[in-house]
Participant: 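First the structure, which I've put down as structure tokens, then a few questions once you've had a look.
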Amino acid sequence: MLTVAFIRENKDLVLNGLAVRNFTDAENIINQVIEKDASRRATQAKLDNALSESNKLSKEIGILFKSGEVQKANIVKEKTGQLKELTKTLNEKLSAYEAELSDLLYQIPNIPNKLVPSGNSENDNETVFREGDIPKLHDGALPHWELAKKYDIIDFELGNKITGAGFPVYKGKGAKLQRALIAYFLDKNSEAGYTEVQPPLLINEASGIGTGQLPDKEGQMYHVGIDNLYLIPTAEVPVTNFYRDVLLKESDFPICNTAYTPCFRREAGSYGAHVRGLNRLHQFDKVEIVRIEHPDKSYEALEDMVNHVKGLLQELKLPFRILRLCGGDLGFTSALTYDFEVFSTAQDRWLEVSSVSNFETFQANRLKLRFKNKEGKSQLAHTLNGSSLALPRVLAGLLENYQTVDGIKIPEVLVKYTGFEIIN
RNA sequence: GGAGAGGUGGCCGAGUGGCUUAAGGCGCACGCUUGGAAAGCGUGUUUAUGAGAAAUCGUAACAGGGGUUCGAAUCCCUUUCUCUCCGCCA
């Protein structure tokens, strides 16, 4: 979330930013924030004075009791009674203001970077890069769900039986290809300087709040009620939360982590929640990269991440494009996002395989992730993350684009991981 | 699952109602000392928040939340985490 101080000092900038997102009612909410904040601060000043007074009196009482002047002490005691009433009501007021203020702040999305184009939907996203030839497939080329069945490498029906729709079973060379991709992505990320980590797959409430899934998107996560834990929707959640309530030194930057995890998403209410094949699943595998950066370096880092992901798709020789998301399509917490899409020839459509974002201080503020700057003051760090890469759609793209009459070829860079060159 | 013991500053650790933001030690920073270093000596060393141009001052925080009290690290309730033993177990 945005900090109150930022909103107070940059009201116009905030309003303009929210306009790029088509955020309605912005002026009203921002005014309320400023108003509640002023009330909050005034109330705190009053409360602090009252507490200060009452601390003084308590000390006096202590001294009086020690010296045996019990009567005098009792007189002072009476005074503190009134103060107690006062601090009680002021405290209640203060908590109320704080609660109202954070309710408001939770509703305000991040301010988009200058580069973000305005727009309402994915149609207004800006294509900033495109590479790779669309392969010409033989007659009778199939979409991946048909290929999966033909070569018996992914069994959707079996997943239905065990769990339900959106939980496929990978088999034989399909399972091996999946594992190969994970190993390949992790190796490439490590080479690029990311530290490999294996986080827990369940998170507590505090972590969900830290990265913004809670309090109001709990419907999107699977919840284990008996222990009040949530299955992670992405590795971003546990890995970014490593740094919750942390005060870094400048010399700690940059922090670069990569993690492979399964991801669990309920996809409640999302359009086409049960589309065919691998395009949208409740459980899928993803390799994520997460960075914590100095604010001055975060956009450099974003570019570096984009180039890194670009390199992966180039090596896999998949046709892809990079989109800069428009205000209307930008995630709630992001300031700038680049989506990577692979073209699937057999489906004749673009499939999102990665999303790389800079959140600036938006997550760090909730996480209380700070560093000591050169002036010795603590300052919020910037957080970034991206998929590097999400497995199912990469897999779909590979199966569909690499199919031949003899079988599905394996990209050269993956052969040393799979141990085979073709699925037939 | 059963029984017990604990959670204090960057770390170790003292502290069972007021003079404790918290002894002592370690670490770290600066200064003195030294040819240089070490040792020694001295000084300093939490975070958040409110007021202020700033210096600074106030408030809050001893796992989290609530309570008792004029006053809580200290007493009570509660949640949570860690450790030990037993049980079960990949």
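The figures that follow rest on heavy atoms only: side chains count, while hydrogens, waters and symmetry mates do not. By convention in this document, chain letters (A, B, ...) are assigned in the order of the sequence lines, proteins followed by strands, and residues within each chain are numbered from 1.
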Participant: From the list B/G71, B/U59, B/U47, which nucleotide is the closest neighbour of the side chain of A/K84?
Facilitator: B/G71
Participant: Which part of the nucleic acid does A/N49 contact within heavy-atom distance under 4.0 Å: base, sugar-phosphate only, or nothing?
Facilitator: nothing
Participant: Does any part of the side chain of A/F340, heavy atoms only, come nearer than 4.5 Å to the side chain of A/V306, both counted from C-beta?
Facilitator: yes
Participant: Between B/G71, B/U59, B/U47, which one does the side chain of A/S58 approach most closely?
Facilitator: B/G71
Participant: Can you tell me how far P of B/U80 sits from CD1 of A/I203, to the nearest Å?
Facilitator: 18 Å
Participant: With C1' as the reference atom in both, quote the distance from B/C12 to B/G65 in angstrom, rounded to an integer.
Facilitator: 29 Å
Participant: C1' atom, B/G15 versus B/G24: distance in rounded Å?
Facilitator: 11 Å
Participant: Under 3.5 Å for both donor-acceptor distances, Watson-Crick or wobble: does B/C85 have a partner, and if so which one?
Facilitator: B/G2
Participant: Considering heavy-atom distances to RNA chain B, does A/G81 or A/D37 have its closest nucleotide positioned more toward the 5' end?
Facilitator: A/D37
Participant: Under the ring pair (Phe, Tyr, Trp, His ring centres under 6.0 Å) criterion, do A/Y222 and A/Y230 qualify, and how do the steps go?
Facilitator: CA-CA 6 Å; A/Y222 289 96; A/Y230 296 86; over 10 Å; no
Participant: For a quick check of understanding: with a heavy-atom distance under 4.0 Å over all strands, which category does A/S378 fall into, base, sugar-phosphate or nothing?
Facilitator: sugar-phosphate
Participant: Please name the nucleotide paired to B/C28 by Watson-Crick or G-U wobble geometry with both distances under 3.5 Å, or report none.
Facilitator: B/G44
Participant: Would you indicate, yes or no, if B/G50 has its OP1 or OP2 atom less than 4.0 angstrom from a side-chain nitrogen or oxygen of A/R40?
Facilitator: yes
Participant: Starting from P on B/G10, measure out to CG on A/L248 and report it in whole angstrom.
Facilitator: 14 Å
Participant: Take atom C1' in B/C83 and the same atom in B/C76, then report the distance between them in whole Å.
Facilitator: 25 Å
Participant: Tell me the partner of B/G17, counting only Watson-Crick (N1-N3 plus N6-O4 or O6-N4) or G-U wobble (N1-O2 and O6-N3) with both under 3.5 Å; none if nothing fits.
Facilitator: none
Participant: Assign each of A/R370 and A/L57 to its nearest nucleotide of RNA chain B by heavy atoms, then name whichever residue's nucleotide is nearer the 5' end.
Facilitator: A/R370
Participant: Can you tell me the base-pairing partner of B/G35? Count Watson-Crick or G-U wobble geometry only, both distances below 3.5 Å, and say none if there is no partner.
Facilitator: none
Participant: Does any nucleotide pair with B/A90 by Watson-Crick or G-U wobble geometry, both distances under 3.5 Å, and what is it?
Facilitator: none
Participant: Which nucleotide, in any strand shown, forms a Watson-Crick or G-U wobble pair with B/G71, with both distances under 3.5 Å?
Facilitator: none
Participant: With both distances kept under 3.5 Å, what pairs with B/U49, Watson-Crick or G-U wobble?
Facilitator: B/G58
Participant: Using the P atom in both, what is the distance from B/G35 to B/A29, to the nearest Å?
Facilitator: 23 Å
Participant: Roughly how far apart, to the nearest Å, are B/A60 and B/U20 at atom C1'?
Facilitator: 16 Å
Participant: With respect to the side chain of A/I61, which nucleotide from B/A48, B/G18, B/G50 is positioned closest?
Facilitator: B/G18
Participant: Considering only atom P, compute the distance from B/C70 to B/U84 and round it to an integer number of Å.
Facilitator: 43 Å
Participant: Determine the contact category for A/L51: base if any of its heavy atoms lies under 4.0 Å from a base atom, sugar-phosphate if only primed atoms, P, OP1 or OP2 are that close, otherwise nothing.
Facilitator: sugar-phosphate
Participant: Quickly work out the A/R244 CZ to B/A48 P distance and round it to whole Å.
Facilitator: 17 Å
Participant: Please report the distance, rounded to the nearest Å, between CG in A/L247 and P in B/C11.
Facilitator: 13 Å
Participant: Are A/K173 and A/F420 in a cation-pi contact, defined as NZ or CZ under 6.0 Å from the six-membered ring centre and within 45° of the axis?
Facilitator: yes
Participant: For B/C70 and A/K59 - does any side-chain N or O of the residue sit under 4.0 Å from the phosphate oxygens OP1/OP2?
Facilitator: no
Participant: I'd like the P distance from B/C75 over to B/A14, given in whole Å.
Facilitator: 16 Å
Participant: What integer distance in Å separates A/L101:CG from B/U49:P?
Facilitator: 13 Å
Participant: Remember a base hit wins even if backbone is also touched, and classify A/T80 as base, sugar-phosphate or nothing at under 4.0 Å, heavy atoms.
Facilitator: sugar-phosphate
Participant: Check this for me: A/E412, atom CD, are more than 12 non-hydrogen atoms of other residues, nucleotides or ligands nearer than 6.0 Å?
Facilitator: no
Participant: So which nucleotide from B/G18, B/U47, B/G50 ends up closest to the side chain of A/R41?
Facilitator: B/G50
Participant: Pick out which of A/T337, A/N385, A/D339 makes a side-chain hydrogen bond (donor to acceptor under 3.5 Å, both in side chains) with A/S355.
Facilitator: A/D339
Participant: For ring pair (Phe, Tyr, Trp, His ring centres under 6.0 Å), just list the numbers for A/F359 and A/H382, CA-CA rounded to whole Å, side-chain angles, deciding distance to a tenth of an Å, and then say yes or no.
Facilitator: CA-CA 7 Å; A/F359 304 96; A/H382 281 193; over 10 Å; no
Participant: Between the side chain of A/D252 and the main-chain N/O of A/L248, is any donor-acceptor distance below 3.5 Å?
Facilitator: no
Participant: Rounded to whole Å, how long is the line connecting atom CG of A/L94 with atom C1' of B/A48?
Facilitator: 13 Å
Participant: Using 30° and 60° as the class limits, which term best fits the ring planes of A/F371 and A/H294: parallel, tilted or perpendicular?
Facilitator: tilted
Participant: Measure the distance from NZ on A/K46 to P on B/A60 and round it to the nearest whole Å.
Facilitator: 18 Å
Participant: May I ask which nucleotide in the shown strands pairs with B/A63, Watson-Crick or G-U wobble, both distances under 3.5 Å?
Facilitator: B/U79
Participant: Rounded to the nearest angstrom, tell me the gap between atom CD in A/E60 and atom P in B/C19.
Facilitator: 15 Å
Participant: What's the gap between B/U43 and B/G36 when it is taken at their C1' atoms, as a whole Å value?
Facilitator: 24 Å
Participant: Just N and O in the side chain of A/S52: are any of them under 4.0 Å from OP1 or OP2 of B/U59?
Facilitator: yes
